[in-house]
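Below you'll find the structure, written out as structure tokens, and then a few comments.
Order of listing sets the numbers, starting from 1, for every ligand and every atom in it. Values below: all heavy atoms of this structure, side chains included; hydrogens, waters and symmetry mates excluded. The shown structure was predicted, so the numbers you read here are calculated from the model rather than taken from an experiment.
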Amino acid sequence: MIPTDTPSISSGPTEQRQWERVRKSVEDGRSANLADYEQCVRNFSWDQARALLDGLPGGGLNIAHEALDRHVKAGRGDKLALRWIGRDDTLRDYSYAALAGEANRFANVLVRHGVGKGERVFSLLGRVPELYIAALGTLKNGSVFSPLFSAFGPEPIKARMTIGEAKVLVTTEAFYRRKIEPWRKELASLERVFLVDCSANLPPETIDLHAALAQASDVFETVWTGPEDMALLHFTSGTTGKPKGAVHVHEAVVAHNVTGRLALDFRPDDIFWCTADPGWVTGTSYGIVSPLTNGVTMVIDQAEFDAERWYRILRDQKVTVWYTAPTAIRMLMKAGRDLAKRFDLSKLRLMASVGEPLNPEAVVWGVEALGKPFHDNWWQTETGGIMISNYLAMDVKPGSMGRPLPGIVAGIVERGDGGEVREITRAMAMGELALRPGWPSMMRAYLNEEARYKKCFVDGWYLTGDLAMRDGDGYYWFVGRADDVIKSSGHLIGPFEVESTLMEHKAVAEAGVIGIPEPTAGEIVKAYVALNPGFAESEALRKELLGHARQRLGPAVAPKEIAFRQNLPKTRSGKIMRRLLKARELGLPEGDISTLESEER
Ligand code: AMP
């Protein structure tokens with residue numbers, strides 16, 4: 001294991017001054033929803049959190065009901081739910097009532113096309129209003145929503161839709177033609193494809209979504225769902241094997257809602273911007289469900305990152321709570337403090353970050369350039385919601401992920417010789433970050449992968465796969481991953497998926513894929529490749545392989561670098577030792593190589 005970020009608690013005079021400024025921002029937290037951490041932890045119960053929601057008659061619970069209908073019923077239908085900013089700066093506003101109406105239309109379209117409870121509706125869309133309408137309409141219909149990242153290439157899409165047994169896909173004509181049509185016939189479960197922006201010449205066997213919505217009623221009675229009914233399917237990656245479909249149920253909304261209140265400090269008049277794409281879990285839990293259940297106004301930007309544009313949005317939309325990610329923050333830092341200072345961001349009262357290690361310098365930069373520290377928090381696809389956070393009312397320790405949410409019990413654990421898991425209570429001891437299962441947004445399964453799911457739970461702990469430390473004040477510090485998955489620009493990438501695609505190329509005999517440090521993206525994907533007989537290493541072949549991977553996997557997943565090797569280091573059982581590739585790449589000690597094949601030593 002190679003630590004990707006070493007915690008440091010600064011103590012020099014400059015650092016002390018910076019610390020004071022960070023501390024000062026705590027003043028803003030005096031009236032926070034979570035004003036006294038210890039007291040909130042003591043008094044918290046998940047039953048109370050459940051009671052914040054409406055529920056459906058007979059003990060039912062439905063995410064979309066809590067996100068939309070509850071507000072409309074309570075007379076808040078006119079409140080602005082979603083302001084969409086198009087790439088060309090067009091604005092489109094949806095009140096809670098209007099969004100509910102659109103979601104109802106989508107649910108009626110699903111019914112008309114025979115899509116029922118529990119059936120899977122996938123989306124492959126950029127951040128367009130139809131994505132949010134489809135997500136909420138699917139949940140209203142009791143069907144399961146699975147959003148795919150639009151920068152995926154055909155292979156990751158096909159793998160996920162196959163595992164998830166997609167019945168419906170909502171996408172654009174361009175994505176359809178490029179990424180779906182070539183293999184569509186291979187997925188028998190896929191019955192309906194809706195296109196949100198299609199030309200007059202609809203591709204065969206596709207449906208114009210807007211025409212379908214226009215014919216559908218905007219009245220729909222939300223289908224009764226129980227708390228344990230499946231609602232969302234989010235894919236994540238492991239070290240080996242296919243992507244894993246983390247199953248989330250309607251009860252997750254209890255955690256989405258309350259963690260929004262406690263960690264993001266949502267108040268009714270907030271204007272919230274979550275910059276994450278709904279193709280990843282943050283963009284759904286906190287880019288759709290949590291803000292809407294909390295009745296706030298959310299801003300959605302269709303465009304990709306651009307520092308000046310982002311500051312303009314923060315200023316013009318008067319964003320009060322902003323949830324973003326370390327890669328974006330590092331890009332803002334690169335764009336310079338002077339640019340930030342040109343914008344009046346005085347409405348901004350909370351800046352939070354998630355998804356990858358947030359360097360202490362980024363927290364301090366936030367204070368200096370934007371007048372506030374970034375509040376780091378930690379969670380993962382499997383946990384469904386924020387688990388550890390720096391709260392508005394507490395000291396931010398730059399470099400730390402914060403303290404567990406009320407209702408969450410975290411620990412640092414290690415494995416004993418017999419495989420048993422035990423907690424290490426010593427301050428700053430490194431071990432695996434583990435959580436006591438039982439919160440509402442925890443995944444209920446990896447779809448059809450019982451063994452992989454069961455492996456995550458040992459001796460009453462859920463093992464996160466992250467290495468971390470806890471200090472004497474109960475703050476957690478991220479150290480690195482315990483496995484080989486790669487985090488690049490906040491996106492979790494499974495090396496196996498990349499290796500498999502490289503291996504499909506006729507020149508490739510073996511491939512080993514690792515993440516290597518990169519200052520902005522955190523890590524980038526690098527592949528080591530051994531060639532088949534008859535192929536020789538060349539710049540042209542390197543480019544061809546990069547192109548092959550990019551075309552099939554998409555730019556978010558494909559390797560950025562390829563290196564040729566005669567042989568790759570393997571265990572005696574034939575497994576490529578990525579750990580060793582990484583140690584060699586970084587010039588670090590090779591560690592235990594007793595299982596290495598002899599000719600490789
Ligand atoms: P994902 O399931 O794609 O959301 O990725 C979850 C993983 O991202 C975690 O297991 C961590 O490895 C990493 N991660 C998430 N939040 C943080 C954070 N605040 N600091 C460091 N790593 C993080």
Side chain or backbone, does [X] bring an N or O within less than 3.5 Å of an N or O on ligand 1?
X: Gly355; result: yes
X: Trp280; result: no
X: Glu382; result: no
X: Lys487; result: yes

In terms of atom number and element, which parts of ligand 1 are under 4.0 angstrom from non-hydrogen atoms of [X]?
X: Leu492; answer: 3 (O)
X: Pro357; answer: 20 (N), 21 (C), 22 (N)
X: Asp376; answer: 19 (N)
X: Arg481; answer: 9 (C), 10 (O), 12 (O)

For the [atom1] atom of [X] and the [atom2] atom of [Y], what is their distance to the nearest 0.5 Å?
X: Met387; Y: Leu405; atom1: CE; atom2: CG; answer: 6.0 Å
X: Leu131; Y: Leu136; atom1: CG; atom2: CG; answer: 9.5 Å
X: Lys372; Y: Leu392; atom1: NZ; atom2: CG; answer: 8.5 Å

Mode of Gln380 contact toward ligand 1 - side chain, backbone, both, neither (heavy atoms, under 4.0 Å):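 Both parts.
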Basic-acidic side-chain contact under 4.0 Å: Asp265, Arg267: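 Salt bridge between Asp265 and Arg267, a charged N being under 4.0 Å from a carboxylate O: yes.
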Nearest-option assignment for atom 19 (N) of ligand 1, heavy atoms, candidates Leu467, Val354, Asn377: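 Going through Leu467, Val354, Asn377 one by one, Asn377 has the nearest heavy atom to atom 19 (N) of ligand 1.
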Looking only at protein heavy atoms, which one is nearest to [atom], and what is the separation?
atom: atom 9 (C) of ligand 1; answer: Asp466 OD2, 3.2 Å
atom: atom 20 (N) of ligand 1; answer: Glu356 O, 3.3 Å
atom: atom 2 (O) of ligand 1; answer: Thr381 OG1, 2.5 Å

Side-chain (Arg550) to main-chain (Pro559) donor-acceptor, under 3.5 angstrom: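 A pair under 3.5 Å: no.
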Derivation and outcome, ring pair (Phe, Tyr, Trp, His ring centres under 6.0 Å), residues Trp379 and Phe478: CA-CA 11 Å; Trp379 59 291; Phe478 183 80; over 10 Å; no
Contact check, Leu358 vs ligand 1, heavy-atom distance below 4.0 Å: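 The answer is no, since Leu358 has no heavy atom less than 4.0 Å from ligand 1.
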Sub-4.0 Å heavy-atom contact, Gly465 with ligand 1: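 It does not; every heavy atom stays at 4.0 Å or beyond.
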Sub-4.5 Å side-chain heavy-atom contact between [X] and [Y]:
X: Trp280; Y: Ser285; value: no
X: Trp439; Y: Val254; value: no
X: Val363; Y: Pro373; value: yes

Check: His375 ring centre within less than 6.0 Å of Tyr391 ring centre: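 No - the distance between ring centres of His375 and Tyr391 does not fall below the 6.0 Å cut-off.
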